[in-house]
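Everything below concerns the one structure shown next.
Within every chain, numbering begins at 1; the chains are lettered A, B, ... in the order of the sequence lines, protein sequences first and strands thereafter.
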There are 2 protein chains.
Amino acid sequence: MTKEKYGNKLKDSNLKVTPQRTAVLEALDNLKDHPTADKIKEYVVKNNPNIAVGTIYKTLETFVEKGMVNRVKTEEGVMRYDAILDRHHHLYCEETKRIEDFFDDELNEILIKYFEKKKISNFAIKDIKLQIIGTFDSKKN
Amino acid sequence: MTKEKYGNKLKDSNLKVTPQRTAVLEALDNLKDHPTADKIKEYVVKNNPNIAVGTIYKTLETFVEKGMVNRVKTEEGVMRYDAILDRHHHLYCEETKRIEDFFDDELNEILIKYFEKKKISNFAIKDIKLQIIGTFDSKKN
DNA sequence: TATTAAATAGGAATAGTTCTTATTTAAGAT
DNA sequence: ATCTTAAATAAGAACTATTCCTATTTAATA
């Protein structure tokens, strides 16, 4: 059932359906935490012990090109990936380096309106992302 | 005169005044373009041909720790540095990868007010940064 | 089932950054 | 002005994340 879901997703993007790609998609779907390539590998290896690291990177690159996945900017210089494509922002925890999604349509509205009114000269905006930096309350960690 | 300025800045942060640190500060002051460590080295080497790469990295790390410099998140996995500490946002050019500063106090006000009203549960906000993604008009490039 | 372009494994290569250690130096004490 | 010492630096090795290379395998289609 879910396997099929991933297959369809790949077909939709005109990609051949391979076990490796399916596995990476599955990993992205389950690792909600903006995983690094390495975390994805850890997950994928469970069921695909022979997968090569290069394949994971290649696959992720392909997904990014096809717009199925986004890269997430971090301050540590390791790439992280995000399978959620709906417009959202990120909460960055300074202490734990955890990155969490933040959805807020009202905020998006405000931003869009603001930049419609106040254009930036010589710059065409395609997207706006907030990095909300701070710390999670200790209780929740 | 300016050399002295850098010296004082270092003293203010309780750092020994060395030619290497002064040179890196000078580079950061002149390379407005959110330079990478490599660009900084290129600049510094002009007057300090013997400076070691490691020293530049170490120095930058020290400056970041002391809060004299910020790291800038990028999507390419290379670290970039920013000597401007005033609250500001960044314009990311998708085509050229240029990163430019964007100052807008009105926008900051709006954001601060918005998040005062609408708190994020379990998260204490320390800073908010906008990544404004798009392209510069070709004329200006 | 055969064909073929595309995908993968495996490992080497690269780039950016950090680490290690012997040597040098800035800054305070004498 | 010189001595002392902890801190900073040079030089290059080591490490890590990522990309590249190529022979082999495979998915999709005929």
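- Note on A:Lys118 versus B:Asp104: salt bridge recorded, some NZ/NE/NH1/NH2 to OD/OE distance being below 4.0 Å.
- Taking the centre and axis of the six-membered ring of A:Tyr43, the NZ or CZ atom of A:Lys41 falls outside the cone set by 45° and 6.0 Å.
- For the OP1/OP2 pair of D:dT18 and a distance below 4.0 Å, the side-chain nitrogens and oxygens of A:Tyr57 include at least one atom meeting the criterion.
- In this structure, A:Ile56 atom CD1 and D:dT19 atom P are separated by 13 Å, rounded to whole Å.
- Rounded to an integer number of Å, the gap from A:Lys41 NZ to D:dT16 P is 14 Å.
- A side-chain donor-acceptor contact under 3.5 Å links A:Thr62 to the backbone of A:Lys58.
- Put simply, the side chain of B:Leu28 does not reach to within 4.5 Å of the side chain of B:Tyr6, judged on heavy atoms.
- Taking 4.0 angstrom as the limit, A:Thr18 places a side-chain polar atom (N or O) nearer than this to OP1 or OP2 of C:dT8.
- The separation between A:Glu65 atom CD and C:dA6 atom C1' is 14 Å, rounded to whole Å.
- Between the side chain of B:Asn30 and the main chain of B:Glu26, a donor-acceptor pair closer than 3.5 Å is present.
- A salt bridge does not link B:Arg71 to A:Glu75: none of the charged nitrogens lies less than 4.0 Å from a carboxylate oxygen.
- Among the atoms of the strands shown, none is found under 4.0 Å from any heavy atom of A:Asp38.
- Here B:Pro19 lies in heavy-atom contact (under 4.0 Å) with sugar-phosphate atoms only.
- Relative to the side chain of A:Arg21, the nucleotides D:dA8, C:dT8, C:dA9 differ in distance, and C:dT8 lies closest.
- Using a 4.0 Å cut-off on heavy atoms, the residues of residues 71-79 of chain B that approach DNA chain C are B:Val78, B:Met79, listed by number.
- B:Arg80 contributes a side-chain N or O that, together with a main-chain N or O of B:His34, makes up a donor-acceptor pair within less than 3.5 Å.
- Of the candidate nucleotides C:dT8, D:dT9, D:dT18, D:dT9 has the atom nearest to the side chain of B:Thr55.
- Straight-line distance from the OH atom of B:Tyr81 to the P atom of C:dG16: 12 Å, rounded to whole Å.
- Protein atom NZ of A:Lys16 is 10 Å distant from nucleotide atom P of C:dA5, rounded to whole Å.
- Within the 4.0 angstrom heavy-atom criterion, only backbone atoms of the sugar-phosphate kind lie near B:Val17; the bases stay farther away.
- Where B:Gln20 and B:Gly54 each meet DNA chain D at their nearest nucleotide, the meeting point lying more 5' is that of B:Gln20.
- The interatomic distance linking A:Arg80 (CZ) with D:dT18 (P) rounds to 11 Å, in whole Å.
- In this structure, the CD atom of B:Glu61 is 15 Å from the C1' atom of D:dT9, given to the nearest Å.
- Nearest-nucleotide mapping onto DNA chain C: of A:Val53 and B:Lys11, the residue sitting toward the 5' end is A:Val53.
- Rounded to a whole Å, the CG atom of A:Asn48 is 12 Å from the P atom of C:dG10.
- At distances below 3.5 Å, not a single donor-acceptor pair connects side-chain atoms of B:Ser13 with backbone N or O atoms of B:Leu15.
- Neither OP1 nor OP2 of D:dA8 sits under 4.0 Å from any side-chain N or O of B:Thr59.
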